[in-house]
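Here the structure comes first, spelled out in structure tokens, and everything after it is commentary.
Sequence lines set the chain letters: A, B, ... in the order given, protein chains first and strands last, and positions in each chain run from 1.
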Protein chains: 2
Amino acid sequence: MTTGGPPTVETIAERAGVSIASVSRVLNGHGARPDTVRRVERAATELGYVPNAVARSLKGGRSLQLTFAMQDIGNPVYVSMVRQIQAITKAHGYRLLLHSTDAVVEDELAVVRSLADRTSDGLVLCPIRITPEHLEALRGAAQPVVVIGSLPDDAEPPVDSVRADSVTGAELAVRHLIRTGRRRIAFVNGPADTVPGRNRYRGYRAALADCGLASDPALVTNTDFTIEAGTEALHRLLDEDRAGSGSGPGRLDAVFCANDQLALGAAHALHARGLRIPADVAVAGMDDTSLTRASWPPLTSVDLGSAERGRIAAEMLLDRITERDGTSRAPARTETVTPRLVVRASSAPAETANAAQDAQDAHPPNTAHTAAENGQEVTR
Amino acid sequence: MTTGGPPTVETIAERAGVSIASVSRVLNGHGARPDTVRRVERAATELGYVPNAVARSLKGGRSLQLTFAMQDIGNPVYVSMVRQIQAITKAHGYRLLLHSTDAVVEDELAVVRSLADRTSDGLVLCPIRITPEHLEALRGAAQPVVVIGSLPDDAEPPVDSVRADSVTGAELAVRHLIRTGRRRIAFVNGPADTVPGRNRYRGYRAALADCGLASDPALVTNTDFTIEAGTEALHRLLDEDRAGSGSGPGRLDAVFCANDQLALGAAHALHARGLRIPADVAVAGMDDTSLTRASWPPLTSVDLGSAERGRIAAEMLLDRITERDGTSRAPARTETVTPRLVVRASSAPAETANAAQDAQDAHPPNTAHTAAENGQEVTR
DNA sequence: GTGAAAGCGCTAACAC
DNA sequence: GTGTTAGCGCTTTCAC
């Protein structure tokens, strides 16, 4: 008999005068006599019945939940990923579990291992760094995993992945700065011992070399990915640049930064010194976060496709999950998202900067031009 | 017997040569003979056993999951809430489900009702607006709910809630602007038909009145909570202000904005017109999001405690959940978070602004002073 | 088309 | 202490 708790199939069955099997069938639309359908639906409505999803999961072997794990949701890059992932999982009837690892490796591994607790049908993971332990954990994952980031160039990667092409991205930005007349281009990079740090530096060097410009080590610096660090780094570079101007070809005329936070920090340093952006120094960042529009002048940035990576990761994950119901398992895929330069006022050519400034009075320079217009610039 | 699937208590029991009950006891630390403990733990380790959390939930009646539902994670205010909530739920052994309602009322109601599916042990809800349907749904919620926002001032509110005091918050900002010498203070507000919109306007009016300043309707405007809307709104106000300057006491010397996005937009308009911040026009926003430090000069803003509201909401929810194991149900609580003014360079006094500008060359004006210093200013 | 019954994996009485 | 057993709420054979 039915107790005082929330209604269950049994409660409905009693009320409708049928068996619990019929209740289940009607509720899942598996066909029944019209009369039965009517009585069950009536009872369910009257009792305000809501199926117990946990019991369903246990029986069905699927939780209808997906997990997204990243360092810290405070980073705008992850915010755009979450938005995409959330939208897609929701559209497919999955709930989204959010997990912040706070950049603790052990926590990342724990997330992968906890896939075995059947709480989640799959995982999108943004690791800070891929260690051998990661690879082992991924290989033994109890549920499908998609990694956002760069897996080692292995013959057989353990899981699907989506990566940004930050080498090309950095090249795009630096070429753009050169093409618009800049010659002494500083580079404020993040930590050197990370994959993004290395790749963005490679892109910077490559673009300079391709355009026949020497790369001056005094113009490159590494620091943390924060606004404050960017400000401090640029003050330092400017001090040194001024001090050594006797030997060098003159003051720097552009700053390329490894992400938008650094670029904003750099812009602050320039403002504080009374240097004009872009008339005196052009500035460009990476990631094309919402900060680009918060900055004045609006910040040129390279969109490394954080939203798109989120979307692709979610889709890959859902593919794997539906695939599993099928037969064979396809080999792991690796997708690379094409970067896109978004030009805004912070990198307008120096010669036309003043004219542009006047024009801004009427039309604030929020209009962005993408690399589509100058796609041919991208050679690689 | 055991099939090829993932290991279960039964698999372990067979391997350890004990009953499944003993396995369960050992795994939950309920005491057993040392020998039994050893054998079970050994078997579990060897098999890489991970308990099925879904089965546990079904048996235990708790999912160990909590839900946070808000409009859109893209809004920085929600990001700081999520961070806090995530940290607290994690510390208490709960997973966090994220739900974006996209400001669709029907979706918000669905979230509340879906608490009956036992997928989540509780909900923190940030509704865009509280309708009678909301109240009804909240009253019948199958699990504890905490609302972040203003419930109607009812004798018995349906659930716990945490609210910001944006009336006082707006007053703080406007009083600060007045105290630092501003007299014609414009107000760029969000939509007028929302609770925040109404309250911020009340605070603005109250501060002006208290200081004996007339409030000029021509200085107040309503628009959307976006950067672009802020830019457009301020251009409009400036145009009108200039046009009617014959009758008015002169051009506006400060802008108070109902959130940081609007304030950044307003700052863009000022920059585009060549007006200096804060020398010509002071700017202040609300919410104290990360955008305040992205702006140049750094933006004065009122911290309405989004992080703290998130923290309190999560704690209230956990209280309710543990309480339920106890006896009686305490009446619904309502907490109000005290706003805090964070003064940055965008609102430095006009007279000293130029001197301050020079000082910034050495020390970028990132140092913030909180209302703690001038707390007595808050009279209400 | 419908009902009886098994079983998803686990925990907790209950007897021994 | 330990094993047997019931049962959380649901879906799905399997007979009828």
So what does [X] hit on the nucleic acid, given a heavy-atom distance under 4.0 Å: a base, only sugar-phosphate, or nothing?
X        : result
B/Val18  : sugar-phosphate
B/Ser57  : nothing
A/Arg118 : nothing

Determine yes or no for a side-chain-to-main-chain donor-acceptor pair under 3.5 angstrom, with [X] supplying the side chain and [Y] the backbone.
X        : Y        : value
B/Asp121 : B/Leu66  : no
B/Asp160 : B/Arg333 : yes
B/Asn52  : B/Val54  : yes
B/Glu108 : B/Ile128 : yes

Donor + acceptor pair across side chains of A/Arg118, A/Ser63 (<3.5 Å):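 Note: A/Arg118 and A/Ser63 side chains miss the donor-acceptor criterion.
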Examine [N]: is either OP1 or OP2 under 4.0 Å from a nitrogen or oxygen in the side chain of [X]? Give yes or no.
X       : N     : result
A/Arg25 : C/dT2 : no
B/Asn52 : C/dC8 : no
B/Tyr49 : C/dG9 : no

The single option from A/Val124, A/Ile85, A/Val146, A/Val162 passing side-chain contact (heavy atoms from CB on, under 4.5 Å) against A/Arg309: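 Filter result, single survivor: A/Val162.
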Start and end of chain A contact along DNA chain D [non-hydrogen atoms, under 4.0 Å]: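 Listed 5' to 3', the contact boundaries are D/dG9 to D/dT13.
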5' priority, DNA chain D, between B/Ala55 and B/Pro34 [closest heavy atom]: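 Nearer the 5' end of the strand: B/Pro34.
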Residue whose nearest DNA chain D nucleotide is more 5′ - B/Leu58 or A/Ser24: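 Here B/Leu58 is the residue nearer the 5' end.
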Length of the NZ-P vector between A/Lys59 and C/dG7, whole Å: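 So the two atoms are 9 Å apart, to the nearest Å.
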Given DNA chain C, 5'-ward residue of the pair A/Ile20 and A/Asp35, judged by closest heavy atom: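 Of the two residues, A/Asp35 wins.
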DNA chain C: 5'-proximal contact among B/Ala21 and A/Gly31 (nearest heavy atom):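 Its nearest nucleotide lies further toward 5', so the answer is A/Gly31.
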Side-chain touch A/Arg62/A/Ser57, heavy atoms, less than 4.5 angstrom: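 No, side chains not in contact.
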